[in-house]
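To start, the structure under review is shown below, and the notes come after it.
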Amino acid sequence: MKELPKAYDFRGVEEKWYRYWEEKGFLKPKLDPKRPRFSVVIPPPNVTGKLHVGHALNTTLQDVIVRYKRMDGYDTLWVPGTDHAGIATQNVVEKALAKEGLSRHNLGREKFLERVWQWKEEYGGAIIEQLKRLGCSCDWSRLRFTMDEGLSRAVREVFVRLWEEGLIYRGDYIINWCPRCHTALADIEVEREPTPGHLWHIRYPLADGSGYIVVATTRPETMLGDTAVAVNPEDERYRHLIGKKIKLPLIGREIPVIADKEVDPEFGTGAVKVTPAHDFADFEIARRHGLPFVKVMDEDARMTKEAGPYAGLDRFEARQKVVEDLKAQGLLEKIEDYEVVLGKCYRCDDIVEPLLSKQWFVKMKPLATPAIAAIERGFTRLIPENWKNLYFDWMYNIRDWCISRQIWWGHRIPAWTCKDCGEITVSRNTPEACAHCGSQNIKQEEDVLDTWFSSALWPFSTLGWPEDTPELRLYYPTSLLVTSFDILFFWVARMLMMGLHFMGAVPFRDVYVHALVRDEKGQKMSKSRGNVIDPLIMIEKYGTDAFRFTLVALAAQGRDIKLAESRIEGYRHFVNKIWNAARFVLMNLDGFEKIDLTQAELPRESLWILSRLSKTVAQVRRALDEYEFDQAALTAYHFFWHEFCDWYVEMSKRFLNEGGEARKLAQNVLLEVLETSLRLLHPFMPFVTEEIWQALPHEGESIMVAPYPKPVKEFEDESVEAELERIKEAIVAIRAIRADYNIHPTADIKAIFRAEKEESLRLFEEFSPVIKQLARLSELVLQKGGERPHGAAQAVLSEAEIFVPLEGLVDIEAELKKLAKEEAKVLKELSRVKSRLENEGFLKKAPKEVIEKERVRRKELEEKLEKIHENMKRLKELT
RNA sequence: GGGCGGAUAGCUCAGCGGGAGAGCAUCGGCCUUACAAGCCGGGGGUCACAGGUUCAAAUCCUGUUCCGCCCA
């Protein structure tokens, strides 16, 4: 038998097995229509990305399930890939160019894109290598990238079809504009942040000179673009002014006072300025009332010539100047402190401006309706379920999706505008001429599509759509999507909409939504806070298995994960524990001969551990099936360490020393439990389990393709489990006496078990070898009733009393104290049980089993109490 | 303002109708030939607060306080 080194060193081991799995093709699906299938697509990380702890959690959870299913006989496919991350990647490359003193505008579109591709080839693969370090079992031969040729074709196909169906349109709308990234953003790409600001109260004089109306605004510079003042039609204060004209200060334009029910009379003065080109609500008001749109700020957030004397000023300078000028003209009534909610770009954090511009949109209502139904009817399950509410809330209030981005890196919109007739031609292939007038004077749209547009197609585009591929037929819909809640709407909802629309079926059966990983104080990890835990550093330090196990053990549903490095360190100890248990088994495997354990005549101790093993297997499987990752991990952990190692391994030493048949049986049981546990743990800790498994007698090429353990009902035995609980209780009681009296662990002692009942004594007699072994007794005396020994330390169990004679050493005061403490505990419990059993309602309404359980408990407690009292009495007589 | 989640041992968290648990930390004793990254034993909690439902509440309901997140 192979002997293992004394401590587990993961270095070298992880790379070795990962290479082996890849070379052997274990990561690949079988494309076997006869087997049940399990498929997953990875949430594609940004190609610019670096593995952070969120990726690590997400990937580990997927791998746990994927490995479980693969071992459990499913034909398993896990598609990996990356996302081109338009804005983020463009920003990164632009930054690099800036260091060379270049900008994308110097280079021009074509050259710039070449540079991005170059950058992608050079650095884009980093995160893929990092995912491998985590041990994730994706099929790397199917690595996809959202800008790949195949995926780009899918994007075009979708765009063209949606256009043809009238679900894509182009128009002048108000959108979120990032002046720094120089592009439109979707609503959800804007992060809102409450910021201290002001509310300026400005006097707007009536054109007829009969007075003024005061409007309140948080953005005074936009007044230059006002085309009305609006009040609520119910508002008595302003009713007489409706229809009158205002002479807009600083600009002199005449604008009307209008009534609109959306105006909140409680806000400010109840009269609001309407700036249709620079405010979402005002845009809607203007559309309802047919007001003109005056754009006073451009794409750089500078004032346009419409802003008259303010033209050319930056938005913040303009604000200052406008306020000064109003003050100078005596039109500024007051300035209040006011908290404003600023929209910020989720990529660069610059303040987003609502801006009127020409953009492309997808109509959402027709796509959202089936996607709502899919969740309502359970075609796709959200786990945990409470995300459903948020999902429905979002989906019912969905607004059209602005999909055009004014950047270069991305899928260029396949639309060509004719310079002659002005019509748009949308086409799968680059057209020669305008589809409307035949003119060749056509020009392709400059804008690219939102990155999420291509991600929305991910579950079918990666499987080959629009081609009709075997993969698509076999693995769509996918089985599971694991993702973080923050992209539920960005991504998951859109995949549902696109999947339903183009495939006619939901893209995934289950969506497991995991939490955010925070630091140990519950704060979001961020570079600026300096509290980031780098997964790669953790892997270097503690090994992948320990790191993965920690994440899984902390992944309780519906709760954020607070990760502390000490937890990882703690679970590294578990890895080492497994290693050493394996070492022990291997050291004792000489002359090993396999036997059929279900046919063997085994000692009760061995029946016990096999029963516990079977139940543990069932519990772990159930937890995994329910995506209760923490329960799965902790159940396996507890069994392996605190049942197998702490008890059975110790018990087995006796059998091993005995030699002969006893040794042979013990070898088989040890190996069975160890090997099964390794398979049980493999999805959580792929590397150490493989390393050990390969060193054990085994069948097959790798643990990752060995069958996942199944419960063995023949091994489950309640009575054996109950017996062992009593035996363990007795052993612990004797060990406690040792500790109390500072008796050296190796010093031999004698114990007397006194019980009234024959059957109790029989139990202790049957198990006396193991009690003697684990409590280190030189002698175990069984005494039926009779006088209690003098000069002994003692412990009271429910059906026996244990005495350890300590001639002259017994501290009577200490013994009394111990008993008094025990007495208090028993009394408290007994009074609770008694009052319950005296309660008529309880006896009438509680289930029979519960009542019976309480009765048994009462009896046990009473017996125990009696023994405590007798022992106390006796001890007192001695003083 | 609306919605969701949380408050359980010093810390991090399970448990979510019938005997308060785990890991870490802590205290005491042990290098007992698998493991000191270990073993054995111990201490530590009016389960946020106030009501209610129930035979029975940490667990279900209502309200309050505090904390976090999302949306407006």
Side-chain angles (χ1 to χ4, degrees), chain A residues 3-4 6-8 187-188 191-192 194 266 281 341 384 386-390 392-394 397 485-486 488-489 515-516 518-524 542 546 550 553-588 628 630-631 633-635 637-638 641-642 645-646 649-650 652-653 670 674 731-747 773-776 828-829 832-833 835-847 849-851 853-854 856-857 860-861:
Chain A
E3 191 159 326
L4 301 174
K6 193 164 172 171
Y8 174 59
D187 296 332
I188 49 176
E191 277 167 13
R192 297 181 201 270
E266 304 293 317
V341 179
N386 44 345
W387 292 108
K388 270 162 76 169
N389 287 335
L390 192 59
F392 290 135
D393 192 48
W394 272 339
N397 296 308
F485 72 85
D486 50 350
L488 202 57
F489 202 45
L516 244 52
R518 300 174 179 281
D519 75 0
E520 54 203 304
K521 294 187 209 85
Q523 292 195 301
K524 222 168 171 169
Y542 303 107
T550 308
L554 293 176
Q557 285 186 13
R559 226 197 236 251
D560 283 344
I561 293 177
K562 289 184 206 162
L563 183 62
E565 194 172 331
S566 62
R567 300 302 299 259
I568 306 170
E569 201 182 339
Y571 286 118
R572 180 187 56 173
H573 298 174
F574 181 46
V575 177
N576 200 242
K577 189 75 183 176
I578 299 170
W579 182 257
N580 276 292
R583 240 163 61 80
F584 172 79
V585 173
L586 276 168
M587 277 175 182
N588 289 288
E628 289 173 7
D630 59 325
Q631 293 303 323
L634 295 174
T635 301
Y637 174 96
H638 186 264
W641 197 320
H642 298 301
C645 290
D646 286 355
V649 166
E650 293 306 320
S652 77
K653 288 175 182 173
L670 283 168
L674 174 64
I731 293 167
V732 168
I734 299 168
R735 285 172 176 172
I737 290 172
R738 273 185 184 279
D740 286 346
Y741 283 94
N742 239 328
I743 302 165
H744 196 273
T746 53
Q773 178 205 0
L774 297 187
R776 291 198 172 247
K828 193 177 155 201
E829 180 65 12
R832 199 191 58 77
V833 173
S835 73
R836 209 178 246 203
L837 284 167
E838 281 156 15
N839 184 329
E840 253 180 68
F842 176 74
L843 295 172
K844 241 183 354 220
K845 296 189 178 172
E849 312 85 73
V850 175
I851 297 172
K853 217 168 132 190
E854 294 290 321
V856 169
R857 197 181 300 158
E860 283 176 359
L861 288 167

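Below, chain A is the first sequence line, B the second, and so on; all start at residue 1. As a basis for the values below, the full set of heavy atoms in this structure was taken, side chains included, without hydrogen atoms, waters or symmetry mates.
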Sticking with atom [atom1], work out how far [N] lies from [M], rounded to a whole angstrom.
N	M	atom1	result
B:A72	B:G63	P	25 Å
B:C16	B:G6	P	13 Å
B:C35	B:G44	C1'	28 Å
B:A22	B:C71	C1'	36 Å
B:A56	B:G19	P	14 Å
B:G17	B:C60	P	7 Å
B:C11	B:A25	C1'	7 Å
B:G43	B:G28	C1'	10 Å

Checklist entry - Okay, side chain of A:Gln773, backbone of A:Glu650: is any donor-acceptor separation there less than 3.5 Å? => result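 Yes; at least one donor-acceptor contact below 3.5 Å.
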
Checklist entry - Are the side chain of A:Arg738 and the backbone N or O of A:Arg776 linked by a donor-acceptor pair below 3.5 Å? => result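 Side chain of A:Arg738 to backbone of A:Arg776: a pair is present.
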
Euclidean distance, atom [atom1] of residue [X] to atom [atom2] of [N] [Å, nearest integer]:
X	N	atom1	atom2	answer
A:Leu390	B:G2	CG	C1'	12 Å
A:Tyr571	B:C13	OH	P	13 Å
A:His642	B:C40	NE2	C1'	13 Å
A:Leu774	B:C39	CG	C1'	12 Å
A:Asn397	B:G3	CG	P	14 Å
A:Ile731	B:C39	CD1	P	17 Å
A:Glu628	B:A22	CD	P	20 Å
A:Ile737	B:C40	CD1	P	17 Å

Can you list the residues that meet the side-chain contact (heavy atoms from CB on, under 4.5 Å) rule with [X], with sequence neighbours excluded?
X	value
A:Asn588	A:Phe584, A:Leu656, A:Arg663
A:Leu390	A:Trp387, A:Trp394
A:Arg857	A:Glu829, A:Arg832, A:Val833, A:Lys853, A:Glu854, A:Leu861
A:Leu843	A:Leu837, A:Ile851, A:Arg855

Checklist entry - Got a sec, which residues hit salt bridge (Lys or Arg N to Asp or Glu O under 4.0 Å) with A:Lys828, two or more places apart in sequence or on another chain? => result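 Partners of A:Lys828 by the salt bridge (Lys or Arg N to Asp or Glu O under 4.0 Å) criterion come out as none, since no residue qualifies.
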
Checklist entry - Start at the 5' end of RNA chain B and walk down; is the nucleotide closest to A:Ala553 or to A:Gly841 reached first? => result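 Per heavy-atom nearest nucleotide, the more 5' residue is A:Ala553.
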
Item to check | Within-4.5 Å side-chain heavy-atom neighbours: A:Phe842 and A:Val850 | outcome: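 A:Phe842 vs A:Val850: side chains touch.
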
By ring-ring contact (aromatic ring centres under 6.0 Å, His included), which residues pair with [X], not counting sequence neighbours?
X	result
A:Tyr637	A:Tyr571, A:Phe574, A:Trp641
A:Tyr8	A:Trp579
A:His638	A:His642

Item to check | With A:Asn576 via side chain to side chain donor-acceptor pair (under 3.5 Å) - residues at least two apart | outcome: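 Expected list: A:Asn580.
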
Within the sub-3.5 Å range, which N or O atoms of nucleotides 14-19 of chain B have a protein N or O partner, and how far apart are they?
unit_1, atom_1, unit_2, atom_2, d
B:A14, OP1, A:Arg559, NE, 2.3
B:A14, OP2, A:Arg559, NE, 2.2
B:A14, OP2, A:Arg559, NH1, 3.3
B:A14, OP2, A:Arg559, NH2, 2.4
B:A14, O2', A:Gln631, NE2, 2.5
B:G18, O2', A:Arg836, NH1, 3.3
B:G19, O2', A:Glu829, OE2, 3.1
B:G19, N2, A:Arg857, NE, 3.4
B:G19, N3, A:Arg857, NE, 3.0

Next on the checklist: Let's test your reading of the pairing rules: Watson-Crick or G-U wobble, both distances under 3.5 Å, then write RNA chain B as a dot-bracket string with ( ), [ ], | and dots.
Outcome noted: ((((((((.[[[[.)..(..]]]].(((((.......))))).....[[[[[..)....]]]]]))))))).

Checklist outcome for this item: Letter by letter from the 5' end, nucleotides 29-38 of chain B scores (B base, S sugar-phosphate only, - none; protein heavy atoms under 4.0 Å) SSSB-BBSBS

Checklist entry - side chain to side chain contact (heavy atoms under 4.5 Å, CB included) between A:Arg735 and A:Ile731: does it pass, once the steps are laid out? => result CA-CA 6 Å; A:Arg735 285 172 176 172; A:Ile731 293 167; 3.6 Å; yes

Next on the checklist: Classify A:Arg567 by what it touches in the nucleic acid, base, sugar-phosphate, or nothing, heavy-atom distance under 4.0 Å.
Outcome noted: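 It contacts base atoms.
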
